[in-house]
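Okay, so here's the structure we're looking at.
When a ligand or atom number is given, it counts from 1 through the structure's own listing order.
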Amino acid sequence: MNAHSTSDSSEAYIALGANLGDREDTLMEALRRLDEFPDITVLHCSNIYETEPVGYVDQPLFLNMAVRVRTSLNPYGLLHVMQQIEKELGRVRHIRWGPRTVDLDLIWMEGQKEDTEELILPHPRMEERMFVLAPLKDIVPADESSGLRTVVMAAVERLDGKEGLQLWKTCSWRSVSAPSGN
Ligand SMILES: Nc1ncnc2c1ncn2[C@@H]1O[C@H](COP(=O)(O)OP(=O)(O)OP(=O)(O)O)[C@@H](O)[C@H]1O
Ligand SMILES: Nc1nc2c(c(=O)[nH]1)N=C(CO)CN2
C-alpha cells in the first residue's frame, strides 16, 4: 500500500475529453494507462460522443466519454494518476476551457466529498455539461447506491437538447485487469 492507497476500494467516475490530434486513439490510450495502473481497474466505459465545445467555443469538436473504475486509491491519489496520464499524453495548459489532447476530470467518488484548491468532489460543473452527463447516463447503474444516478437523470432532464452532441461510436475498448473483462 502507498501513501495514497487505502485497504478498502471504491468506485469512481472519470470523464474524458479530447479535441486535438487523433482523438479516439488518445482516449483509448488514456483508458489503457488507467487500467494498467496497479490500484485501478476500469469496470465499464460509456459510448463515445462528438460534442460542440462549451465555454471557449472557437476550437475543434471534442470526443467525450466516461468510465467507471474501482480503485484502492484515495481521491487525491486517483487525481494524481489522471494528471500524470494527461501529461504523458501531451496535454499542455494554455487557455482555460481551451483545446487539449486529453482531459481527465474526476466527477464522482463513492462516499467522498472534497472542497480544496486541488480537488472539488463531486465535480462542480458536472450538472451543467451534457458532454459529461450523456456518457455518465450510459454507465451509472440503476441501483448505484451513492445517489449519482438521481443527480445525473435530473440534470439530463433539465439540460436536454441544450448542448450539441451526437453519438460517435460505441466503445470497443476491453479491460485487461477487470476479472471478467469488460
Ligand atoms: N474534480 C476534479 N477533477 C479534476 N480536476 C479538478 C477537480 N477539482 C479541482 N480540480 C483542479 O482543477 C484544476 C484545473 O483542471 P483542468 O485544467 O483539467 O480544468 P479544465 O478541464 O480546463 O476545466 P474544468 O475544471 O471546468 O473541467 C486542476 O489543477 C485540478 O487540481
Ligand atoms: N464539448 C466539450 N467542451 C468542453 C470540454 C469538453 O470535454 N467537451 N471541456 C472543457 C473543459 O473541461 C471545456 N469545454
Salt bridge (charged side-chain N to carboxylate O under 4.0 Å, His left out) partners of residues 147-159, not counting sequence neighbours, each pair once: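 Counting only pairs at least two positions apart or across chains, the salt bridge (charged side-chain N to carboxylate O under 4.0 Å, His left out) contacts touching residues 147-159 are E127-R158.
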Is there any salt bridge (charged side-chain N to carboxylate O under 4.0 Å, His left out) pair reaching into residues 59-76, and which pairs are they, with sequence neighbours excluded?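 Every salt bridge (charged side-chain N to carboxylate O under 4.0 Å, His left out) pair that includes a residue of residues 59-76, provided the two are not neighbours, is E11-R68, E11-R70.
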First locate atom CD1 of I14, then atom CG of L106, and finally report the distance between them rounded to the nearest 0.5 Å.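 Answer rounded to 0.5 Å: 6.0 Å.
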How long is the gap from CD on Q112 to CG on L78, to the nearest 0.5 Å?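 That separation rounds to 10.5 Å.
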Sub-3.5 Å N/O-N/O distance, V54 and ligand 2: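 N/O-N/O distance below 3.5 Å exists for this pair.
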Which ligand 2 atoms are under 4.0 Å away from a heavy-atom of [X]?
X: E52; result: 1 (N), 2 (C)
X: D103; result: 12 (O)
X: P53; result: 1 (N), 3 (N)

Please classify the R100 to ligand 2 contact at 4.0 Å (heavy-atom distances, strictly less than): side chain, backbone, both or neither.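 The answer is the side chain of R100.
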Does only the side chain of N64 get under 4.0 Å from ligand 2, or the backbone, or both, or neither? Count heavy atoms.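 For N64, only side-chain atoms sit under 4.0 Å from ligand 2.
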How close do A30 and V102 get, counting heavy atoms only, and between which atoms?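 That closest heavy-atom pairing would be CB-CG2, 4.4 Å.
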Within less than 4.0 angstrom of ligand 1, does Q83 place any heavy atom?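 Checking ligand 1 against Q83, which is what was asked, there is a heavy-atom contact under 4.0 Å.
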Tell me the contacting part of L119 for ligand 1: side chain, backbone, both, or neither, using a 4.0 Å heavy-atom threshold, strictly below.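 Both backbone and side chain of L119 come within 4.0 Å of ligand 1.
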Check M82 against ligand 1 and report side chain, backbone, both or neither, counting heavy atoms closer than 4.0 Å.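 No part of M82 comes within reach of ligand 1.
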Tell me whether L61 shares a hydrophobic cluster with L133, the cluster being built from Ile, Leu, Val, Met, Phe, Trp, Tyr side chains joined at under 4.5 Å.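 Not linked; separate clusters.
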Using heavy-atom distances, let me know which of L79, L104, L106 sits nearest atom 5 (N) of ligand 1.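 It is L79 whose heavy atom sits nearest to atom 5 (N) of ligand 1.
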Candidate with minimal heavy-atom separation from atom 6 (C) of ligand 1, of E117, H123, E118, R100: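 Shortest heavy-atom distance from atom 6 (C) of ligand 1: E118.
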Would D105 count as a polar contact of ligand 1, with the cut-off being nitrogen or oxygen pairs under 3.5 Å?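 Right, the criterion is met.
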E86 versus ligand 1: do any nitrogen or oxygen atoms come within less than 3.5 Å of each other?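 There is no such contact.
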Using modelled atom types and a 3.5 Å cut-off, is there a donor and acceptor pairing between side-chain atoms of T51 and backbone atoms of F131?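 No: the side chain of T51 does not pair with the backbone of F131.
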Passes side chain to side chain donor-acceptor pair (under 3.5 Å), E144 versus S146? Steps please. CA-CA 6 Å; E144 199 276 338; S146 70; 2.6 Å; yes
Salt-bridge present (R23, E50; N to O < 4.0 Å):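 Looking at R23 and E50, the cut-off is met.
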Side-chain ion pair, R32 and D35, N-O less than 4.0 Å: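 No, no charged N to carboxylate O under 4.0 Å.
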With heavy atoms of D103 as the reference, note each atom of ligand 1 found under 4.0 Å away.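 Checking each atom against D103, I get 18 (O), 21 (O).
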List every atom of ligand 1 that sits less than 4.0 Å from any heavy atom of R129, numbering the atoms from 1 in the order shown and giving each element.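 With R129 as reference, the close atoms of ligand 1 come out as 24 (P), 26 (O), 27 (O).
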